[in-house]
J.: 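One structure, as structure tokens, below. Some questions next.
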Amino acid sequence: QQQVKQSPQSLIVQKGGISIINCAYENTAFDYFPWYQQFPGKGPALLIAIRPDVSEKKEGRFTISFNKSAKQFSLHIMDSQPGDSATYFCAASWGRSEKLVFGKGTKLTVNP
Amino acid sequence: GAVVSQHPSWVICKSGTSVKIECRSLDFQATTMFWYRQFPKQSLMLMATSNEGSKATYEQGVEKDKFLINHASLTLSTLTVTSAHPEDSSFYICSVPLRTEAFFGQGTRLTVV
């Protein structure tokens with residue numbers, strides 16, 4: 001019930017390509033779905049987040065697509081750049097708990 | 001975004017000693033802070049919720065006597081790893097919620113030798 005399943009585990013994309021990372025959840029009480037970017041040796045940084053009342057949110061090159069009925073959400077990185085190479089975590093929380101349940105992470109490598 | 005400062009960034013300690021890690025919220029007050037643990041190439045696992053003015057709430061399987069949490073003020077929480085052993089070596093990260101978002105510290109790499 002508390003799990004967030006993330007795939008793929010690793011992803012290699014060419015510069016300029018689209019990176020797509022997927023997450024699925026079981027707990028229908030989740031109502032906040034953020035994506036975090038983490039560089040080696042650093043804490044995670046919030047990238048973009050979405051709530052279930054919208055199906056898509058876009059900020060610059062980053063887009064979250066949300067499918068409430070399928071209990072899935074995904075991160076799309078357009079025009080991927082080598083500087084985007086990092087580990088990406090999806091997460092979910094519920095109510096006002098602010099406790100985050102994290103996916104296992106996706107290591108993205110963008111080749112020049 | 002909000003600034004969360006964690007100190008130290010890295011620490012090496014001898015087995016059997018204790019280590020204290022600080023998490024400070026620099027530009028807002030927080031009655032709640034969270035402590036996570038991250039093993040190499042793995043996800044973040046919530047260890048405990050630090051509550052200002054009351055006891056910390058620990059997740060299942062986390063030893064409260066080993067990982068002492070003190071929420072000293074509305075801007076400071078500390079995590080003390082007591083009687084550290086090599087298996088406690090990990091990356092410890094705090095987060096501070098602000099409205100609906102969570103802001104993370106830069107993490108502390110603990111190595112127990």
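Note that the coordinates shown come from a computational prediction; the quantities given were computed from them, not determined experimentally. Labels below follow one simple rule: chain letters A, B, ... track the order of the sequence lines, proteins then strands, and each chain is numbered from 1. In what follows, every heavy atom counts, from backbone to side chain, and hydrogens, waters and symmetry copies are set aside.
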J.: Is there a chain of hydrophobic side chains (I, L, V, M, F, W, Y, each step under 4.5 Å between heavy atoms) that links I93(B) to V19(B)?
T.: no

J.: Among A45(A), P34(A), G103(A), which has the most heavy-atom pairs under 4.5 Å with chain B?
T.: G103(A)

J.: Check each atom of Y32(A) against the heavy atoms of chain B and say whether the ones under 4.5 Å are side chain, backbone, both or neither.
T.: side chain

J.: Considering only heavy atoms, which portion of Q9(A) lies under 4.5 Å from any heavy atom of chain B: side chain, backbone, both, or neither?
T.: neither

J.: Within a 6.0 Å radius of atom NZ on K15(A), are there more than 12 heavy atoms belonging to other residues, nucleotides or ligands?
T.: no

J.: Verify the cluster assignment for F66(A) and I77(A): are they in a single hydrophobic cluster under the rule of side-chain heavy atoms below 4.5 Å apart?
T.: yes

J.: How long is the span from the NZ atom in K42(A) to the OG atom in S9(B), to the nearest 0.5 Å?
T.: 7.0 Å

J.: Hey, quick one: are M33(B) and F67(B) part of the same hydrophobic cluster, counting side-chain heavy atoms closer than 4.5 Å, chains of contacts allowed?
T.: no

J.: Examine F34(B) and F102(A) and state if one hydrophobic cluster contains both, with Ile, Leu, Val, Met, Phe, Trp and Tyr joined whenever side-chain heavy atoms are less than 4.5 Å apart.
T.: yes

J.: Check for me, please, whether I20(A) and L47(A) land in the same ILVMFWY cluster - side-chain distances under 4.5 Å, paths through other members count.
T.: no

J.: Could you check which of G41(A), P40(A), G105(A) has the highest count of heavy-atom pairs closer than 4.5 Å to chain B?
T.: G41(A)

J.: When you look at NE2 of H85(B), are more than 12 heavy atoms from neighbouring residues, nucleotides or ligands closer to it than 6.0 Å?
T.: yes

J.: Measure P44(A) against the heavy atoms of chain B and call it side chain, backbone, both or neither at under 4.5 Å.
T.: both

J.: Applying a criterion of heavy atom separation less than 4.5 Å, what residues of residues 35-59 of chain B form contacts with chain A?
T.: Y36(B), Q38(B), Q42(B), S43(B), L44(B), L46(B), T49(B), E59(B)

J.: Under the ring pair (Phe, Tyr, Trp, His ring centres under 6.0 Å) test, which residues partner F91(B), sequence neighbours left out?
T.: none

